Amino acid sequence: MPFQQRVFSGVQPTGNLHLGNYLGAIKRFVALQSDYDCIYCVVDSHAITVPIDVWGGPTELKRATREVTAAYLAAGIDPKKHIVFNQSQVSGHAELAWVFNCVARLGWLNRMTQFKEKAGKDRENASIGLYDYPVLMAADILVYRATHVPVGEDQKQHLELCRDIAQKFNNDFSESISANGHPDGYFPLTEPIIQGPGMRIMSLRDGTKKMSKSDPSDQSRINLTDDADAIALKIRRAKTDPDPLPDNEAALEARPEADNLVGIYAALADITKADVLKEHAGAQFSVFKPALSELAVTKLGPIAAEMKRLVQDTVYIDSVLADGATRAEVIADETIRSVKDILGFIRR
Ligand code: ATP
Ligand code: MG
């Protein structure tokens, strides 16, 4: 591949950051830093796609943007070696999204399940931004020509759309792309990084629904800011079945809630679900749940404490975002200039 290896990913500043965001995304972001140049974004332009009473308005958006940034830093992302910034500070995302709006097809977007889930029954009243979300997401990734994107399993379909857009752009403009010095195509076909336990953490109240920031029940998720007591209480109250843990993974398939708790344990401990079962087969939930709480508190406690400290220092957080945006913009601007040349937009 002629493309420089680069990682991009983002988290929306809406609602409560939760264990799924940590295990499915932020923990992976941290791990990838040793092997890639990474760009980690707080995707505030995505946040405003839902109704204002859901994203919370200007004061809440600022608070949440700083909180996600603090979570990145507290989890171990290095904003000097890599790039941390909020999306709206780099206009290239929105500019490229417009071009991609003219590349993506209605039929492709009509298949996106996240829109169907988030718009619910009142689809006519959903924002156009919510419908267009995956196109902006493709622009977020491709404005940096990122080759790899760590995401939770729920974002897999959007990554496929991103590849479709890149491919169609490369095909539609192949002559111009070559003439502008890119004989192998202009955009990479970005690979998702989705593997291991933790890529799909389910609600603690319903093992068939993903844990989500936007779930109205706070009992459904472990927030990254929850203290030890709250974590223990939520795990104790988590829905389960009456059987003890089995000794093999196959037996978890028909038990979504048990499967979820075992998966959470595995992801937190960096072991496989099979390893968890080796250790805990035959255990009742009255024994397994306290073990899980203890592990969760050990792993999440230090992150929560550091987040709490960092969010107080808004001057520092904002300076990290400004510095990251300045460096991200250099890369994005270069892409926008090339895209304009490829399309035939006259520029200064
Ligand atoms: P919302 O419900 O508002 O979409 P969210 O919880 O899905 O919020 P996002 O900001 O959309 O959060 O997603 C940030 C990252 O967290 C994405 O990579 C997403 O795939 C991942 N993620 C979200 N929920 C889960 C989950 N339950 N399990 C694993 N990964 C998740
Ligand atoms: Mg989401």
Side-chain angles (χ1 to χ4, degrees), residues 7-32 38-56 60-61 64-65 67-69 71-72 75 77 86-87 112-120 126-127 129-130 133-134 136-137 140-141 146 148-162 190-218 220-225 234 238 256-257 259-261 263-264 266-268:
V7 162
F8 175 91
S9 198
V11 172
Q12 295 185 76
T14 36
N16 302 286
L17 275 177
H18 55 78
L19 186 65
N21 299 136
Y22 177 64
L23 295 175
I26 299 173
K27 187 166 183 263
R28 310 290 168 128
F29 298 180
V30 175
L32 288 163
C38 303
I39 302 177
Y40 295 130
C41 191
V42 185
V43 288
D44 49 9
S45 309
H46 284 278
I48 64 168
T49 56
V50 289
I52 186 165
D53 57 315
V54 178
W55 63 266
E60 170 55 18
L61 186 61
T65 301
E67 186 174 275
V68 174
T69 311
Y72 282 175
I77 291 170
N86 58 310
Q87 185 182 20
M112 296 296 115
T113 55
Q114 178 177 286
F115 173 74
K116 289 176 194 161
E117 278 159 23
K118 289 199 173 178
S127 76
L130 186 67
Y133 184 114
L136 178 58
M137 180 166 155
D140 299 334
I141 296 164
H148 296 84
V149 176
V151 271
E153 220 171 76
D154 61 309
Q155 292 300 319
K156 202 169 161 195
Q157 195 184 34
H158 289 168
L159 256 295
E160 279 157 17
L161 185 92
C162 175
T190 308
E191 298 283 344
I193 303 181
I194 307 176
Q195 71 237 357
M199 303 321 286
R200 188 167 174 77
I201 302 295
M202 308 311 278
S203 157
L204 298 179
R205 309 302 293 167
D206 177 354
T208 62
K209 241 172 67 185
K210 101 171 176 78
M211 188 178 284
S212 177
K213 290 196 191 102
S214 39
D215 193 315
S217 164
D218 193 57
S220 70
R221 65 180 162 260
I222 294 175
N223 301 308
L224 287 190
T225 50
K234 284 176 180 177
E257 283 85 14
D259 186 39
N260 189 35
L261 295 188
I264 291 173
L268 282 170

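First listed ligand is number 1; within each ligand, the first listed atom is number 1. Computed from a predicted structure; not experimentally measured. Every heavy atom of this structure was used, including side-chain atoms; hydrogens, water molecules and symmetry mates were not.
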Would you say Tyr133 and Gln12 are linked by a side-chain donor-acceptor pair, where the criterion is simply a distance under 3.5 Å? yes
Quick check on contacts: which atoms of ligand 1 are under 4.0 angstrom from a heavy atom of [X]?
| X | result |
| --- | --- |
| Gly24 | 29 (C), 30 (N) |
| Met199 | 28 (N), 29 (C), 30 (N) |
| Ala25 | 15 (C), 16 (O), 18 (O) |
| Gly198 | 29 (C) |

Under 4.0 Å, counting heavy atoms only: does Ser203 come that close to any atom of ligand 1? no
Side chains of His46 and Leu136: does their closest heavy-atom pair fall under 4.5 Å?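 Contact flag for His46/Leu136 side chains = yes.
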So, using side-chain contact (heavy atoms from CB on, under 4.5 Å) as the criterion, who are the partners of Lys234 when residues are at least two apart? Leu204, Asp218, Gln219, Asn223, Asp226
Taking distance alone, with no angle check, do Lys118 and ligand 1 share an N/O pair under 3.5 Å? yes
Hey, would you say the Phe8 and His148 ring centroids sit under 6.0 Å apart?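 No - the distance between ring centres of Phe8 and His148 does not fall below the 6.0 Å cut-off.
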Any salt bridge between Lys209 and Asp215, counting N to O under 4.0 Å?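 Result for this pair is yes, salt bridge flagged.
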At under 4.0 Å between heavy atoms, is it the side chain or the backbone of His18 that contacts ligand 1, or both, or neither?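 For His18, only side-chain atoms sit under 4.0 Å from ligand 1.
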For atom 19 (C) of ligand 1, which candidate among Asn260, Val149, Leu17, Asp154 holds the nearest heavy atom? Asp154
Worked check of side chain to side chain contact (heavy atoms under 4.5 Å, CB included) between Val43 and Asp140: CA-CA 9 Å; Val43 288; Asp140 299 334; 4.2 Å; yes
